[in-house]
Amino acid sequence: MEFETHCEAEAEVPKEPPKIHRLDESVVNRIAAGEVIQRPVSAVKELVENSLDAHSSSINVVVKDGGLKLIQVSDDGHGIRHDDLAILCERHTTSKLSTFEDLQSIKSMGFRGEALASMTYVAHVTVSTITKGQLHGYRVSYRDGVMEHEPKPCAAVKGTQIMVENLFYNMTARRKTLQNSANDFSNIEDLLKRFSIHHINVNFSLRKHGASGADLHTVGTSSRLDAIRSVYGVSVARTLIKIETSDNDPSSSIFKMNGFISDSNYVAKKITMVLFINDRLVECTALKRAIEIVYAATLPKASKPFIYMSIVLPPEHVDVNVHPTKREVSLLNQEVIIAKIQAVVESKLRNSNEAQTFQEQIVEPSPSGNIGIIKDSSFSSSPSGSKSQKVPVHKMVRTDSLDPAGRLHHYLQAKPRGPLENNPSLTAVRSSVRQRRNRKETADLTSIQELIDEIDCNCHAGLLDVVRHCSYIGMADDVLVLLQHDTHLYVANVVNLSKELMYQQVLHRFAHFNAIQLSDPAPLSELIMLALKEEDLDPECNENDDLIEKITEMNTELLKQKAEMLEEYFGIHVDVHGNLSRIPVILDQYTPDMDRVPEFVLSLGNDIDWEDEKRCFQVISAALGNFYAMHPPMLPNPSGDGLQYYKKRKPLKNPEDEENTSNNIEDDVTIEEEMEHELLSEAETVWAQREWSIQHVLFPSMRLFFKPPASMATNGTFVQVASLEKLYKIFERC
C-alpha cells in the first residue's frame with residue numbers, strides 16, 4: 001500500500017517540459033552521415049558517381065566483407081587538385097555548383113558535397129590522386145571531415161583512388177544489421193550492372209578483395225544491346241524490344257525516352273527496372289507501377305519484365321534535391337510523361353504479342369556437294385538426286401537438316417524478312433565464324449602442309465556429312481550431346497570433338513593468330529609448379545619438393561628460350577621475365593577455361609620434341625587443342641547430383657543435438673538445404689556459358705571447318721542411338 005501511495009504521489013507532480021539544447025557538431029554530422037550512407041552500396045554509388053563526374057573511362061571497385069571492411073574505388077578521371085585536398089571532406093564543399101540557382105541547371109550527379117564528408121564520420125577514408133601534368137600524386141587520410149595529416153607525395157596512376165575502411169565502425173547497431181556480406185556484395189554488383197548498361201563507353205570492374213578474377217567486368221561498347229547482353233546474358237538480350245518516344249510540346253511536356261523492354265519470352269520472379277533520368281540512376285515508383293499494370297493486362301505470363309529506360313528532360317524540369325541519397329527525383333508534368341510512356345509500352349507489347357519471333361540460326365550449305373556412300377551403314381549418307389521424289393512416311397523428318405535449332409518455320413506462312421527483323425543476338429558469332437571459313441593464310445612450311453594433308457586424307461566421309469548437316473538437340477549429360485541427322489539420332493562426345501576441331505584450327509591458323517591478352521601476366525614457374533603439385537602423389541615428401549623445383553626451373557628456362565618461336569607460330573607470348581601474357585584465339589568468340597593453363601604450360605615444357613620440326617608442331621597443336629577443348633568445368637554441375645556440393649554442412653554442437661536429431665526433422669532439412677548461393681550462382685553461370693558455347697560457337701564452327709577423322713566412327717565419339725525406320729518397325733509390330 002505504501003508503494004502504491006508513493007507512485008500516486010509522484011504521478012500528481014507535474015513534469016517540466018524537456019530542455020532544448022544544441023547538439024554537438026560531431027553528433028549532428030554522424031546522424032547526417034547515417035542518413036546519406038545507409039549501406040555499403042550507398043557509399044559505392046556516391047563514389048562511382050563522383051568518378052563519372054570526373055569523366056572517367058575506367059572504374060574499378062574492390063570490396064571486402066560486402067563493403068564493411070573495405071571499399072576501394074579507382075578511376076582514371078581528371079583527379080583532385082592538391083590545393084583542394086584540405087577541404088575535400090568537409091561538409092558542403094563541392095565543385096559542382098556555387099549558388100542555389102545552379103540547381104536549376106545541374107548536370108552532374110553530385111552537388112551537395114555531403115557524401116565524402118559523411119563517409120569520414122562513419123569510416124576511415126584515404127584518398128590518393130594525381131592530376132594531369134603532375135610528376136607524382138598525393139595521399140591523405142581523413143577523419144570526421146578533416147585531414148589527419150598533410151598530403152604525402154606518392155606514386156600514382158592517372159585519376160583518383162578512394163579507400164573506405166571499417167564502415168560503420170562507430171555505429172554498432174547499424175553494423176550488426178549489415179552482417180550478411182553476400183547480400184551487400186550482390187547489391188553492389190547489381191548497382192554496377194545498372195551503371196554499365198547506361199554508361200556504355202566506360203569500363204567497369206568489380207572484384208572481392210584477394211580474389212584473382214573479377215566478378216563483373218565490362219568493356220566499353222557502342223551498342224546498348226551488346227552491353228545488356230554482356231552483363232545480363234544472351235537469354236535476356238534476345239527477348240528485348242527497342243522502345244522510344246518523345247514530346248516537344250511546352251504546354252504539356254518536353255522529354256525524350258529510349259530504352260528496351262522485354263517481350264513475352266522473358267519470365268522472371270521479380271521485375272528488373274533500370275531507370276536513368278538525365279543520366280542519373282533513380283527510382284520512380286509511379287512509372288514502375290504504370291508499366292507493371294500494362295504487362296499484367298497485356299502479357300500475364302510475363303508480368304515481371306526487364307526494363308531499361310533513359311529519359312532526358314530539360315534540367316530545369318527536374319528537381320534532384322528531394323531525397324537524402326538522391327535516389328528519387330521530382331519531374332515537371334510527371335503524370336503526363338508517365339501516361340505517354342505507358343501508352344507506348346502498351347502499343348509495343350500488343351504488337352509483339354500478335355507476332356511471335358522464333359530464334360533462327362543460319363548455316364550455309366556445304367560447298368563440297370555429294371560426299372558419297374561409304375560401307376559403314378551406321379554413318380552412310382543418303383543419296384541425293386535432282387528429281388523430286390515423294391518421301392516415305394517412315395523417312396519423314398520434322399526438322400530441316402540445314403536448320404540446327406529444329407525450328408517449325410516450315411509450318412508457318414513464309415514472308416520476306418526485312419533488315420530490321422534479323423535477330424542480332426548471334427550475329428557477331430556467325431560473322432566471325434564465316435570470316436575464317438576458307439583461310440589460305442597458313443605458313444609456307446612443308447611440315448604444316450603435311451599435317452593438314454593427313455587430316456584431309458584421314459577424313460571420314462560419312463561423319464563429315466553428319467557434321468555438316470546435323471541438327472543440334474541438346475546436352476545429354478556433362479560430356480555427351482544429342483544430334484539429329486536425317487532419320488538418325490546420335491550422341492557425340494563434345495570433349496573429343498572440340499579437342500580435334502581446335503587441333504585442326506591451330507594448323508590452319510598457323511602463324512596467323514589473333515591474341516587474348518591476360519589481364520595479369522602469369523609467371524611460368526608458378527604455373528608449372530602448380531601443375532606438378534597437382535600430379536604429386538606424395539605431397540608431404542621433401543624430396544619431391546626439390547625435384548619439383550628443379551623441373552620447374554628447367555622447363556621455365558626452356559620455354560623462355562623458345563619464346564620467339566612460340567609467339568611467331570602459335571601466338572603464345574612469354575616475356576623476358578618468364579611470364580605468360582598472351583594466348584592465341586583459336587575459335588572466335590571463345591575463351592578457354594583458364595583453370596587449365598598450368599596443365600597446358602607443363603605439357604609445353606615436358607612433352608615437346610624440339611628437334612623434330614613436324615613432330616614439334618604436331619604436339620604443340622595437340623596441347624593447344626586439349627587446352628581449348630570444351631571440358632566440363634571444374635565446379636560440379638549444379639543441375640544434377642553435383643548440387644550436393646553446394647550445400648552447407650553444419651556440425652552438431654553437442655551430443656544432445658544428436659539425440660534430438662530424430663525429433664527435429666524439420667530443422668535438419670533446413671540445414672541440409674542451406675546453399676552456398678554465391679558459389680552456386682558462379683557454377684550455374686559457368687555451365688550455362690559452356691552449353692551456350694557448344695551450341696552457338698562449337699557446332700557452327702564444326703559445320704564449316706571440321707573434318708572428322710575415321711577413328712571417330714569406332715572410338716565412341718559418335719554413336720547412333722536411334723533410327724526412325726527401325727522405330728516404325730517396332731511400332732508396327734505393336
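Everything numeric in this text was worked out from a predicted model, so none of it was measured.
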Could you tell me if the side chain of [Y] sits less than 4.5 Å from the side chain of [X], heavy atoms only?
{"X": "Val219", "Y": "His217", "result": "yes"}
{"X": "Ser471", "Y": "His485", "result": "no"}
{"X": "Leu501", "Y": "Ser701", "result": "yes"}
{"X": "Phe718", "Y": "Val467", "result": "yes"}
{"X": "Leu604", "Y": "Phe627", "result": "no"}
{"X": "Phe600", "Y": "Leu624", "result": "yes"}
{"X": "Trp687", "Y": "Pro633", "result": "yes"}
{"X": "Leu451", "Y": "Arg615", "result": "no"}

Spacing of [atom1] belonging to [X] relative to [atom2] belonging to [Y], to within rounding of 0.5 Å:
{"X": "Thr556", "Y": "His577", "atom1": "OG1", "atom2": "NE2", "result": "14.5 Å"}
{"X": "Asn458", "Y": "Ser711", "atom1": "CG", "atom2": "OG", "result": "6.5 Å"}
{"X": "Arg207", "Y": "Glu189", "atom1": "CZ", "atom2": "CD", "result": "14.5 Å"}
{"X": "Leu206", "Y": "Lys193", "atom1": "CG", "atom2": "NZ", "result": "10.0 Å"}
{"X": "Glu549", "Y": "Leu547", "atom1": "CD", "atom2": "CG", "result": "10.0 Å"}
{"X": "Leu497", "Y": "Leu463", "atom1": "CG", "atom2": "CG", "result": "9.0 Å"}

Exercise. Does the ring centre of Phe617 sit less than 6.0 Å away from the ring centre of Phe510?
Worked result: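 When the ring centroids of Phe510 and Phe617 are compared, they turn out to be within the sub-6.0 Å range.
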Exercise. What's the verdict on side chain to side chain donor-acceptor pair (under 3.5 Å) for Gln695 and Glu691, showing C-alpha distance, side-chain angles and the deciding distance?
Worked result: CA-CA 6 Å; Gln695 180 177 359; Glu691 185 168 351; over 6 Å; no
Exercise. Would the number of heavy atoms belonging to other residues, nucleotides or ligands and lying under 6.0 Å from CE of Met565 be above 12?
Worked result: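 Above 12, so yes.
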Exercise. Just wondering, more than 12 heavy atoms not from Glu553 lying within 6.0 Å of its CD?
Worked result: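 No, CD of Glu553 has 12 or fewer neighbouring heavy atoms, counting only those of other groups under 6.0 Å.
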Please answer whether the main-chain N or O of [Y] pairs with a side-chain N or O of [X] as donor and acceptor at a distance below 3.5 Å.
{"X": "Tyr628", "Y": "Tyr590", "result": "no"}
{"X": "Asn203", "Y": "Gly220", "result": "yes"}
{"X": "Gln504", "Y": "Lys707", "result": "yes"}
{"X": "Thr218", "Y": "Phe204", "result": "yes"}
{"X": "Ser498", "Y": "Met630", "result": "yes"}
{"X": "His631", "Y": "Asn626", "result": "yes"}
{"X": "Arg690", "Y": "Asp478", "result": "yes"}
{"X": "Asp575", "Y": "Asn579", "result": "yes"}

Give me the atom names and distance for the closest heavy-atom approach of [X] to [Y].
{"X": "Pro584", "Y": "Ile572", "value": "CD-CG1, 4.0 Å"}
{"X": "Pro632", "Y": "Val495", "value": "CD-CG2, 4.0 Å"}
{"X": "Arg509", "Y": "Asp588", "value": "NH2-OD2, 3.1 Å"}
{"X": "Leu480", "Y": "Asp477", "value": "N-OD1, 2.6 Å"}
{"X": "Ala227", "Y": "Ile197", "value": "O-CG2, 4.0 Å"}
{"X": "Phe570", "Y": "Ser621", "value": "CE2-OG, 3.7 Å"}

Identify all side-chain donor-acceptor contacts of residues 517-531 below 3.5 Å with residues at least two apart in sequence or on another chain.
from   : atom 1 : to     : atom 2 : distance (Å)
Gln517 : NE2    : Ser581 : O      : 3.3

Exercise. Do the rings of Phe306 and Tyr266 sit parallel, tilted or perpendicular, given the 30° and 60° boundaries?
Worked result: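 Perpendicular.
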Exercise. What class does the angle between the rings of His696 and Trp692 fall in, given that below 30° is parallel, 30 to 60° is tilted and above 60° is perpendicular?
Worked result: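 His696 and Trp692: tilted rings.
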Exercise. Which residues satisfy the salt bridge (Lys or Arg N to Asp or Glu O under 4.0 Å) test with Lys560, sequence neighbours excluded?
Worked result: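 In terms of salt bridge (Lys or Arg N to Asp or Glu O under 4.0 Å), with neighbours along the sequence ignored, Lys560 is linked to Glu557.
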Exercise. Which residues satisfy the salt bridge (Lys or Arg N to Asp or Glu O under 4.0 Å) test with Glu567, sequence neighbours excluded?
Worked result: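 Here the qualifying residues are Arg582.
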Exercise. Can you check side chain to side chain contact (heavy atoms under 4.5 Å, CB included) on Val491 and Val481, steps first, answer last?
Worked result: CA-CA 5 Å; Val491 290; Val481 64; over 6 Å; no
Problem set entry | Derivation of the side chain to side chain contact (heavy atoms under 4.5 Å, CB included) call for Met554 and Ile551 | CA-CA 5 Å; Met554 291 172 58; Ile551 295 174; 5.8 Å; no
For this session: Tell me, with the steps shown, if Ile455 and Tyr503 meet side chain to side chain contact (heavy atoms under 4.5 Å, CB included).
Result: CA-CA 10 Å; Ile455 292 172; Tyr503 167 74; 4.1 Å; yes
Exercise. Does the pair Ser205 and Asn60 meet the rule for a side chain to side chain donor-acceptor pair (under 3.5 Å), with working shown?
Worked result: CA-CA 5 Å; Ser205 76; Asn60 304 311; 2.7 Å; yes
For this session: Give the C-alpha distance, both sets of side-chain angles, the deciding distance and a yes or no for side chain to side chain donor-acceptor pair (under 3.5 Å) between Asp453 and Gln449.
Result: CA-CA 6 Å; Asp453 290 342; Gln449 192 56 51; 3.1 Å; yes
Exercise. Ion pair present between Lys562 and Glu568, side-chain N to carboxylate O less than 4.0 angstrom?
Worked result: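 So Lys562 does not pair with Glu568 through a salt bridge.
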For this session: Indicate yes or no: does Arg468 engage Asp465 in a salt bridge with an N to O separation below 4.0 Å.
Result: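 Salt bridge between Arg468 and Asp465, a charged N being under 4.0 Å from a carboxylate O: no.
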Exercise. Given Phe513 and Val585, is the side chain to side chain contact (heavy atoms under 4.5 Å, CB included) satisfied, shown in steps?
Worked result: CA-CA 6 Å; Phe513 289 98; Val585 175; 6.0 Å; no
